[in-house]
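Take a look at the structure below.
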Amino acid sequence: QVQLVESGGGLVQAGDSLRLSCAASRRTFSSYAMGWFRQAPGKEREFVAAISRSGRNAYYIDSVKGRFTISRDNVSNTVYLQINSLNPEDTAKYFCAAREALYASIWYSKAKDYDYWGQGTQVTVSS
């Protein structure tokens, strides 16, 4: 079992930046590929970014490339999502997710591929 706890969300203005954090409970955190998803009110949960267990490979949806950066620290068991140039369309609850990965370079972009989820952190961007 892996417990995930997100933090770092809040109410911000358009153009601001935020860094979301997701702390994992397991000391074998480096065995897990990680992902970030978001869900806006009335919409489906949407994949945002993923990172391999090694941290050397990452993947983003096109709409966030250049503004979002996913990273991880396998010593502190934490994955981050740096979000720059926030706009109102980024308003959503952001969730991190984890799954064990056999290979160090693999990442996953589908919600069904993940086994563990956090409770989410709300990001609200005002114009």
- Message: Check this for me: Q39, atom CD, are more than 12 non-hydrogen atoms of other residues, nucleotides or ligands nearer than 6.0 Å?
- Response: yes
Rounded to the nearest 0.5 Å, how far apart are [atom1] of [X] and [atom2] of [Y]?
{"X": "F95", "Y": "W117", "atom1": "CZ", "atom2": "CH2", "value": "8.0 Å"}
{"X": "T124", "Y": "Q122", "atom1": "OG1", "atom2": "CD", "value": "4.0 Å"}
{"X": "W107", "Y": "S54", "atom1": "CH2", "atom2": "OG", "value": "13.0 Å"}
{"X": "E44", "Y": "E46", "atom1": "CD", "atom2": "CD", "value": "10.5 Å"}
{"X": "D73", "Y": "Y80", "atom1": "CG", "atom2": "OH", "value": "5.5 Å"}
{"X": "N77", "Y": "R72", "atom1": "CG", "atom2": "CZ", "value": "9.0 Å"}

Flag side-chain contact, heavy atom, 4.5 Å: [X] against [Y]:
{"X": "L4", "Y": "Q119", "answer": "no"}
{"X": "L81", "Y": "E6", "answer": "no"}
{"X": "L86", "Y": "L18", "answer": "yes"}
{"X": "Y60", "Y": "I70", "answer": "yes"}
{"X": "V79", "Y": "C22", "answer": "yes"}
{"X": "V123", "Y": "T91", "answer": "no"}
{"X": "S52", "Y": "I106", "answer": "no"}

- Query: Is I61 reachable from Y94 through a run of hydrophobic residues whose side-chain heavy atoms are each under 4.5 Å from the next?
  - Reply: yes
- Check the hydrophobic clustering (I, L, V, M, F, W, Y; side-chain heavy atoms under 4.5 Å; chains of links allowed) and say if V5 and V48 are grouped together. no
- Query: Parallel, tilted or perpendicular: which fits the ring planes of F37 and F47, with parallel below 30° and perpendicular above 60°?
  - Reply: perpendicular
- Minimum heavy-atom distance between Y114 and A50, given as atom pair plus value: OH-CB, 3.7 Å
- Query: Looking only at heavy atoms, which two atoms of N74 and S30 are closest? And how far apart?
  - Reply: ND2-CB, 3.6 Å
- Flag the pair D113 and K110 as a salt bridge only when some basic side-chain nitrogen lies within less than 4.0 angstrom of an acidic carboxylate oxygen. no
- Item | Qualifying residue, where the test is side-chain contact (heavy atoms from CB on, under 4.5 Å) with V125 and the options are I83, V12, D16 | V12
- Item | Y32 side chain to R53 side chain, donor-acceptor N/O pair below 3.5 angstrom | no
- Message: For the residue pair S17 / N84, report whether a side-chain donor-acceptor contact shorter than 3.5 Å exists.
- Response: yes
- Query: Quick one: is the NZ or CZ of R99 closer than 6.0 Å to the six-membered ring centre of Y108, and within 45° of its axis?
  - Reply: yes
